[in-house]
Amino acid sequence: MTKQLLLGQTLGFSGNPLIGDWADTVQFDSAGGVLIDGGRIAAVGNGQALRAAHPDATVTDYGDGLISAGFVDAHMHYPQTGMIASWGKQLIDWLNTYTFPEEARFGDAAYAADVAGRTLDLTLAHGTTTLTSFCTIHPQSVDAFFAAAAARNMAVVAGKTCMDRNAPDNLRDTAKSAYDDSKALLEKWHGVGRANYAITPRFSPTSTPDQMAALGALWSEHPDCLMQTHLSEQHPEIRWVKELYPDARDYLDTYEAFGLLGERGLYGHAIHLEKREIARLNEIGAAVVHCPTSNTFIGSGLFDMMGLAKAGLRIGLATDTGGGSSFSMLRTMAAAYEIGQLRGVALHPAQLMWLATEGSAQTLHMQGEIGHLNTGAVADITVLNLASTAAISQRFAKAHDIWDALFPTIMMGDDRAVADVWIAGQRVT
Ligand code: GUN
Ligand code: ZN
């Protein structure tokens, strides 16, 4: 495989910019270069120095384009691609009215394959190189997603969504079939190529205690898998969880009681957390995933980014499509910024970019491998054009530093801002 040298402005991180001074964690070079060899990043440094040292490398010069690690979406639902932006409902009604009827279609393997491929192509076009997706209750929906990701050589996380109550008949499994199907799927896919399996109880209201216990047992038998679910998204949902699990201390306890709280657990939303839940998530080292476009679209609430970061929690960023209203991690960063502002915190562009790359990769326990513009990482790379539209371009022309140049693209950018995407050192065409 020939070496590739990408030239442009390079942005990476050496630490977490949500903790301490963000400036201490930034690795930025306005005349940088990224050398790719064998699908991995072999060096990051001054562009001309790398060019002189590696005259055999094929050069792609992006000028003042920004070379970043590819975006990592830490929570989404690929089966909801076909009903994104459905009007007028909050969480429980939204699930029943729009989500479940669409998810019922994924028993058809051909339909699942079509939507899986479409979703991955849409997200790649938006600069996202890793997706973490819920599937549906149908094993074929999981096969379709992992197969489509393998065809694109993308690192992904996914799992069969398990539900054995409070869902339509055609979308219910059982405690036993959820265990058996999830086990067969994880044995088939986990660690194959770039596929990672996540055991996936949808959320406490749609699983009986028996199903929760079966999935907790499966996780204890396969502790190297991730576990993904939802936590404390909306007040009516939280009240419902308390009715369904009267003995639980809080929402998190409904998972903990059944072996579904662990370091490799990913808890989507986590907006209305109680003190004990925050302390317990921190103690365990579990991760929460912020889904800001979803939280405003479904009307869920304002995630406490700085409070939870200061408490020590690991935090990822995600679209949560189709509850989220965009496939773009740029739009997602913008929404995270807006929610921060509504809580009195202005997240810095460095913090937003870190969340969309390194932060999300850490929640998936894939740090150093993806979301990382540094030697040794897989060369999953996104190049941003910081002057992609007339509106952004006129603002970019007035920028006084890289952050002032990048922020308009974060706030106003979309797939037009994505100049190029590389997956494991191969340019996506
Ligand atoms: N809670 C349970 N299922 C879902 C889902 O599909 N989307 C969102 N946003 N929240 C959920
Ligand atoms: Zn979700």
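Both ligands and their constituent atoms are indexed starting at 1 by order of listing.
Checked by atom type, the side-chain pair Q367/H372 shows no donor-acceptor distance below 3.5 Å. Side-chain atoms of E221 and Y179 form a donor-acceptor pair, as typed in the model, at a separation below 3.5 Å. Looking only at atom types and distance, the side chain of D414 has no donor-acceptor partner in the side chain of H126 under 3.5 Å away. Judged purely by distance below 3.5 Å, without hydrogens or angles, the side chains of H365 and N196 never pair a donor atom with an acceptor atom.
Ion pairing between E187 and K183 holds under the 4.0 Å rule for side-chain N and carboxylate O.
The Zn ion (ligand 2) has an N, O or S atom of H230 under 2.8 Å away, backbone or side chain. The Zn ion (ligand 2) has H75 among its coordinating residues (N/O/S atom, backbone or side chain, under 2.8 Å).
For ligand 1, the 4.0 Å heavy-atom shell contains residues H77, Q80, L91, W94, L95, R202, F203, H230, E233, H269, S294, I298, D320.
Annotation: F71 is not in aromatic contact with F327 [ring centroid separation under 6.0 Å not met]. Checked against the 6.0 Å centroid criterion, the rings of H75 and F134 qualify as a close aromatic pair.
Within D320, the N/O/S atom positioned nearest the Zn ion (ligand 2) carries the name OD1.
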